[in-house]
Amino acid sequence: MGEVIEYLARELVDHPEEVRVTELEDGDRVSIRLDVAEDDWGKVIGKGGRIASSLRALVKVAAVREDVRVNLEIGD
């Protein structure tokens, strides 16, 4: 799941080399943290949080396929 988020984030931002994805697994729970350059936050979050919501929806679809619960954190 982290690979999908990393790919999408790299395509969205101006500084793809600064995209960092951390994935922590704890049983049936997965926590994914996405960090980008400070001036790229707006591109990952989007107007009104639309892009962030879409990224979370994609992660949840992947989580259902793997039968786990997932949480996506963006930035701080």
Side-chain angles (χ1 to χ4, degrees):
M1 286 180 278
E3 295 86 18
V4 172
I5 294 300
E6 184 173 0
Y7 173 77
L8 292 172
R10 286 182 188 273
E11 296 299 317
L12 290 170
V13 299
D14 290 333
H15 306 287
E17 67 278 358
E18 294 189 38
V19 172
R20 301 285 179 259
V21 175
T22 308
E23 193 170 347
L24 301 171
E25 295 183 29
D26 183 23
D28 66 341
R29 294 186 177 267
V30 178
S31 180
I32 300 174
R33 179 171 175 84
L34 172 61
D35 291 305
V36 297
E38 189 169 336
D39 55 334
D40 286 332
W41 283 358
K43 292 181 180 178
V44 173
I45 295 171
K47 188 178 245 180
R50 290 181 184 168
I51 294 175
S53 294
S54 298
L55 291 173
R56 287 185 176 104
L58 287 170
V59 169
K60 287 183 182 183
V61 168
V64 168
R65 296 185 78 198
E66 295 185 19
D67 195 30
V68 294
R69 301 194 75 174
V70 67
N71 181 35
L72 175 62
E73 297 177 22
I74 299 173
D76 286 333

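Along the sequence shown, the residues carry numbers beginning at 1.
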Please report the shortest heavy-atom distance between V19 and A9, naming the atom on each side.
CG1-CB, 3.9 Å
Are the side chains of V44 and V13 in contact, using a 4.5 Å heavy-atom criterion?
yes
Ionic contact status for R69 with D28, cut-off 4.0 Å
no
Any donor-acceptor N/O pair, E23 side chain to I32 backbone, under 3.5 Å:
no
Less than 4.5 Å apart, any side-chain heavy atom of I74 and any of R56?
yes
Would H15 and D39 count as a side-chain contact (heavy atoms from CB on, under 4.5 Å) here? Give the steps.
CA-CA 9 Å; H15 306 287; D39 55 334; 3.2 Å; yes
Do V59 and I5 touch side chain to side chain, with heavy atoms closer than 4.5 Å?
yes
After noting the C-alpha distance and the side-chain angles of M1 and V30, does the key distance pass the side-chain contact (heavy atoms from CB on, under 4.5 Å) rule?
CA-CA 9 Å; M1 286 180 278; V30 178; 4.1 Å; yes
Nearest-0.5 Å distance, CG of residue L8 to CG of residue L55
6.0 Å
Joint cluster assignment, V4 & Y7, ILVMFWY side-chain distance < 4.5 Å
yes
Close side-chain approach of D35 and E18, heavy atoms under 4.5 Å:
no
Mind checking the CZ-CG spacing from R33 to L24? Nearest 0.5 Å is all I need.
10.0 Å
Any ion pair linking R10 and E6 (charged N to carboxylate O, less than 4.0 Å)?
yes
Count the heavy atoms of every other residue, nucleotide or ligand shown that sit under 6.0 Å from CD of E38, and state whether that count exceeds 12.
no
Here the gap from L72 atom CG to S53 atom OG, rounded to the nearest 0.5 Å, amounts to 10.0 Å
If you count every heavy atom of other residues, nucleotides or ligands that lies below 6.0 Å from D26 atom CG, does the total exceed 12?
no
When you measure from the side chain of D14 to the backbone N and O of D40, does any donor-acceptor pair fall under 3.5 Å?
no
